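These numbers come from a predicted model, not from an experiment.
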Amino acid sequence: MLQIQLVIYAIILATFAGLWKIFEKTGEQGWKALVPVYNYYIWLKVLKRPWWWVFILIIPGVGFMMMMVMAGITTLGMQKKREYDLAAACIALPVEIAIIILVIKSGSGALLIAAITGIIGYLTYHTLKILSSLWTNNKASEEGESPTIRSIVWGVLFFISMPLYGFSKLAFSETDEETRIKKGKRSMGMEWTEAISFAIIAATIIRTFFMEAYTIPTPSMEKSMMVGDYLFVSKINYGARIPMTPISLPFVQSTLPLTKSTPSYLDWLEYPAIRLPGFSHVQRHDIVVFNWPEGDTTTANIDNPSYYALIREYGKDAVLGNQDLGGRGVPGAIIARPVDKEENYIKRCIGTPGDTLTIKNSNVYINGKLDSLPTECQFNYLVTGDGVPDVYNGRPIDPDDKTKGYQYDISYKGQTVIDKRLLDKLDITEPIQVIPVDPNNQSGDPKNIKGFLLTLTRQSAEELRNIQGIKSVTIYAQDSNMQADQNIFPSSPNYKWYVDQFGPLWVPKAGSTVKLDTKNIALYRRIITAYEHNSLDMGNGKIFINGKPTDSYTFKMNYYFMMGDNRHNSEDSRYWGFVPEDHIVGKASFIWMSLKSFVPFKQKFRLNRFFTFINSDGLSRSYLWPFLLIIAIAVGYSTIKNRKKDNS
């Protein structure tokens with residue numbers, strides 16, 4: 001850690017020492033480079049850029065990218081030196097070639113491959129032209145192509161370029177770009193570079209402080225939020241969180257694109273959790289996006305199950321020792337992630353700070369009162385019929401991954417009770433599981449089939465009950481008669497809880513104090529150590545926090561209990577516990593598009609979900625057609641206005 005801090009100090013010192021010398025070359029006093037914020041104002045003045053860019057430069061994370069843009073523009077104002085441009089080209093070429101190879105090898109999304117390859121290929125072409133000028137001494141080629149590559153490479157490597165140009169004998173003059181504009185010869189490369197740079201900065205500001213696009217990847221929130229929903233997450237409802245890891249690749253969560261475990265960020269510089277004022281706090285039943293608390297540690301080779309689940313299943317020695325974990329392979333290197341780089345999850349808030357939550361027979365009770373179920377909440381139901389069933393026409397849920405399970409047609413006494421038509425009508429998209437009478441009998445004998453497990457909403461369950469031939473449709477609750485799941489929070493023998501029989505559990509509130517003992521420490525250990533950064537030890541029946549014996553703890557943050565609406569198919573707080581307030585990303589607010597998977601193209605679009613607002617009690621009506629009508633009116637008005645203008 002000390003070495004990293006020294007590197008950061010060296011980068012800061014080199015950058016602003018170089019800026020001092022560049023200021024002197026422009027006629028400004030060098031000491032102004034050391035005055036925070038004011039130095040940005042002078043720098044913009046020197047480069048003849050708008051003064052209000054200062055506000056962008058002081059935004060954490062975004063300001064780091066803006067610094068690169070400013071450094072790139074500064075290099076254009078320096079007297080040209082051929083060797084520096086050639087050095088930039090030599091740095092750029094292997095990076096460009098490596099990106100092209102990675103993109104092609106990934107084989108993902110033909111359109112994405114074409115776009116990225118085209119952009120990088122364009123830059124590679126210019127880089128090669130610059131390098132060729134070294135041998136041919138072709139001044140025209142060098143003059144025409146080098147500014148683009150120079151500004152990109154030396155902008156990214158600002159901590160090198162600023163002292164390099166600052167302490168050189170090169171003078172600062174009118175930028176090459178300004179000269180080109182006056183001569184009417186502005187390069188296409190510079191136009192694209194500037195446009196893309198500011199598009200990235202603008203999009204990053206919107207994504208960080210206002211709203212972020214999100215896609216529903218799993219069925220844990222079905223049918224409230226469906227796989228294939230594309231939505232916007234509002235950052236302003238709860239207050240935007242200042243980036244905690246500002247040195248990172250824009251628009252990427254935790255790993256570099258086209259790689260499995262290469263971090264997309266540097267943790268050399270980390271900020272504490274600071275949240276701007278919002279319109280409200282997280283309310284019960286809000287649909288919330290947050291950083292997955294159990295994602296703070298992961299392994300390079302195994303994404304699922306989590307690092308902590310692997311520890312529980314195989315033991316710490318096996319995981320840390322990188323031993324072969326059977327069919328899962330070796331876990332690989334252990335990777336610790338900052339809070340804002342943990343994977344994003346979306347769930348419904350069920351317990352707020354200070355609540356006491358209990359689950360009995362699948363029903364949730366908050367502070368002793370039965371909690372209302374979401375309109376589209378799902379459970380696993382056991383469906384049985386009269387007689388011995390006949391199962392046929394198996395269809396994989398995902399044709400490309402048959403491990404995700406199958407759906408079947410089912411009949412009793414020659415009468416079909418469940419088929420593809422019915423499943424499509426009720427929008428039952430998850431696999432059908434066969435429940436045997438004797439779990440130890442794997443013969444496949446139809447007489448050993450007790451029933452079938454289907455994931456249903458309450459409305460779908462009621463419709464199945466009305467089908468002739470179906471005997472019963474009942475919630476398949478987990479209880480003490482079933483084998484205990486070691487992954488259920490808090491994974492302690494003192495608390496034998498289940499998905500449907502859970503608690504009572506008090507949700508911690510900032511400023512509240514709880515009595516601690518050797519039993520309930522399992523509930524709050526992770527809060528005390530991982531989230532609020534204290535040391536905790538136990539010995540001789542006593543608890544030591546930060547080396548001092550104690551029998552109580554006062555919480556520094558608020559915490560929340562999150563659950564998926566697909567109650568039996570959701571990995572949520574019942575598995576990994578509380579969600580700290582500094583993990584909250586935003587509130588799910590608006591679905592702009594919704595697509596089905598594994599269906600013909602004409603059936604792909606869920607038009608009734610397009611342009612819908614997300615509320616705690618369900619979705620609003622779709623505003624797709626009003627939106628299209630407004631667009632049509634605007635286009636028509638513009639067309640008529642332009643025609644009248646042309647005729648006049």
Side-chain angles (χ1 to χ4, degrees), residues 219-220 222-224 226-227 359-364 370 373-399 402-485 498-501 564-570 596 598-599 603:
S220 69
E222 297 264 347
K223 295 294 188 204
S224 301
M226 302 178 72
V227 174
I359 303 176
K360 297 179 181 178
N361 300 320
S362 304
N363 294 311
V364 176
L370 180 64
L373 285 172
T375 306
E376 299 294 334
C377 187
Q378 291 194 145
F379 293 93
N380 284 350
Y381 285 80
L382 179 63
V383 179
T384 64
D386 291 318
V388 177
D390 186 17
V391 184
Y392 52 97
N393 289 344
R395 302 172 296 277
I397 293 294
D398 182 349
K402 296 181 179 180
T403 62
K404 292 183 178 179
Y406 288 77
Q407 290 186 340
Y408 309 93
D409 292 349
I410 302 169
S411 65
Y412 284 93
K413 296 180 180 180
Q415 178 182 350
T416 300
V417 295
I418 294 175
D419 59 12
K420 187 177 186 305
R421 180 193 60 79
L422 177 67
L423 296 174
D424 289 345
K425 175 188 172 185
L426 299 180
D427 199 19
I428 299 172
T429 56
E430 296 187 57
I432 296 175
Q433 300 178 51
V434 177
I435 303 299
V437 176
D438 179 7
N440 297 319
N441 183 352
Q442 301 295 326
S443 64
D445 184 357
K447 294 181 180 179
N448 189 46
I449 296 178
K450 178 181 179 180
F452 301 90
L453 211 61
L454 276 73
T455 305
L456 309 169
T457 62
R458 288 170 292 173
Q459 181 180 350
S460 297
E462 191 59 38
E463 292 196 35
L464 280 183
R465 291 189 184 101
N466 295 327
I467 294 177
Q468 187 175 358
I470 289 182
K471 183 178 179 180
S472 66
V473 180
T474 55
I475 291 180
Y476 194 65
Q478 297 183 23
D479 55 31
S480 57
N481 294 321
M482 299 182 177
Q483 183 177 356
D485 187 345
Y498 302 81
V499 167
D500 296 308
Q501 310 289 339
D565 287 356
N566 194 351
R567 293 292 170 84
H568 287 141
N569 297 290
S570 172
K596 293 182 181 179
F598 318 120
V599 296
Q603 301 174 15

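With hydrogens and angles disregarded, a donor-acceptor distance shorter than 3.5 Å links the side chain of Q407 to the backbone of I428. The backbone N or O of S570 sits nowhere less than 3.5 Å from a side-chain atom of S220 that would complete a donor-acceptor pair. Between the side chain of N363 and the backbone N or O of I359, no donor-acceptor pair lies under 3.5 Å. No side-chain donor-acceptor contact under 3.5 Å links H568 to the backbone of F379. A donor-acceptor contact shorter than 3.5 Å is absent between the side chain of S411 and the backbone of G414. For the pair E222 (side chain) and V227 (backbone), a donor-acceptor distance under 3.5 Å is present.
Taking every heavy atom of both residues into account, N448 and D438 meet most closely at OD1-N, 3.0 Å. The two residues Y412 and D386 come nearest to each other via the heavy atoms CD2-O, 3.2 Å. Of all non-hydrogen atoms in D565 and P374, the two that sit nearest each other are OD1-CG, 3.5 Å. Across every non-hydrogen atom of Q501 and N361, the tightest pair is NE2-OD1, 2.7 Å. Closest heavy-atom contact between L456 and A461: CD1-CA, 3.9 Å. In terms of heavy-atom proximity, K447 sits nearest to V388 at N-CG1, 4.0 Å.
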Side chain to side chain contact (heavy atoms under 4.5 Å, CB included), that's the test. Do I449 and V391 meet it? Break it down for me. CA-CA 10 Å; I449 296 178; V391 184; 4.2 Å; yes
Apply the test side chain to side chain contact (heavy atoms under 4.5 Å, CB included) to residues T384 and I435: give CA-CA distance (whole Å), side-chain angles for both, the deciding distance (0.1 Å), then the verdict. CA-CA 10 Å; T384 64; I435 303 299; over 6 Å; no
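A donor-acceptor contact closer than 3.5 angstrom is absent between the side chains of K223 and T375. When only modelled atom types and interatomic distance are considered, N569 and T455 share a side-chain donor-acceptor pair under 3.5 Å. Under 3.5 Å, the side chains of Y392 and T416 contain a donor-acceptor pair of N or O atoms.
P389 has its side chain within reach of F452: a pair of non-hydrogen atoms, C-beta onward, lies under 4.5 Å apart. Taking the side chain as every heavy atom from C-beta outward, V383 and K471 never approach each other to under 4.5 Å.
Ring pair Y406/Y408 is parallel by interplanar angle, where below 30° counts as parallel and above 60° as perpendicular.
Note on R395 versus D409: salt bridge recorded, some NZ/NE/NH1/NH2 to OD/OE distance being below 4.0 Å. Here D424 pairs with K420 in a salt bridge; the nearest charged N to carboxylate O distance falls below 4.0 Å.
To the nearest 0.5 Å, the span separating CG on D390 from CG on N393 amounts to 9.5 Å. Interatomic distance, T429 OG1 to L423 CG, rounded to the nearest 0.5 Å: 10.0 Å. N380 CG to Y476 OH: the interatomic distance, rounded to the nearest 0.5 Å, is 9.5 Å. Between atom SG of residue C377 and atom CZ of residue R567 there is a gap of 4.0 Å, rounded to the nearest 0.5 Å. Atom CD1 of I418 sits about 5.0 Å away from atom CG of L454, to the nearest 0.5 Å. Annotation: the span from I432 atom CD1 to I397 atom CD1 amounts to 8.0 Å, rounded to 0.5 Å.
A search for side-chain hydrogen bond (donor to acceptor under 3.5 Å, both in side chains) contacts involving E430 returns Q378, N566, not counting sequence neighbours.
Crowding of Q459 atom CD: a count of heavy atoms from other residues, nucleotides or ligands under 6.0 Å not exceeding 12. Other residues, nucleotides and ligands contribute at most 12 non-hydrogen atoms within 6.0 Å of the CD atom of Q468.
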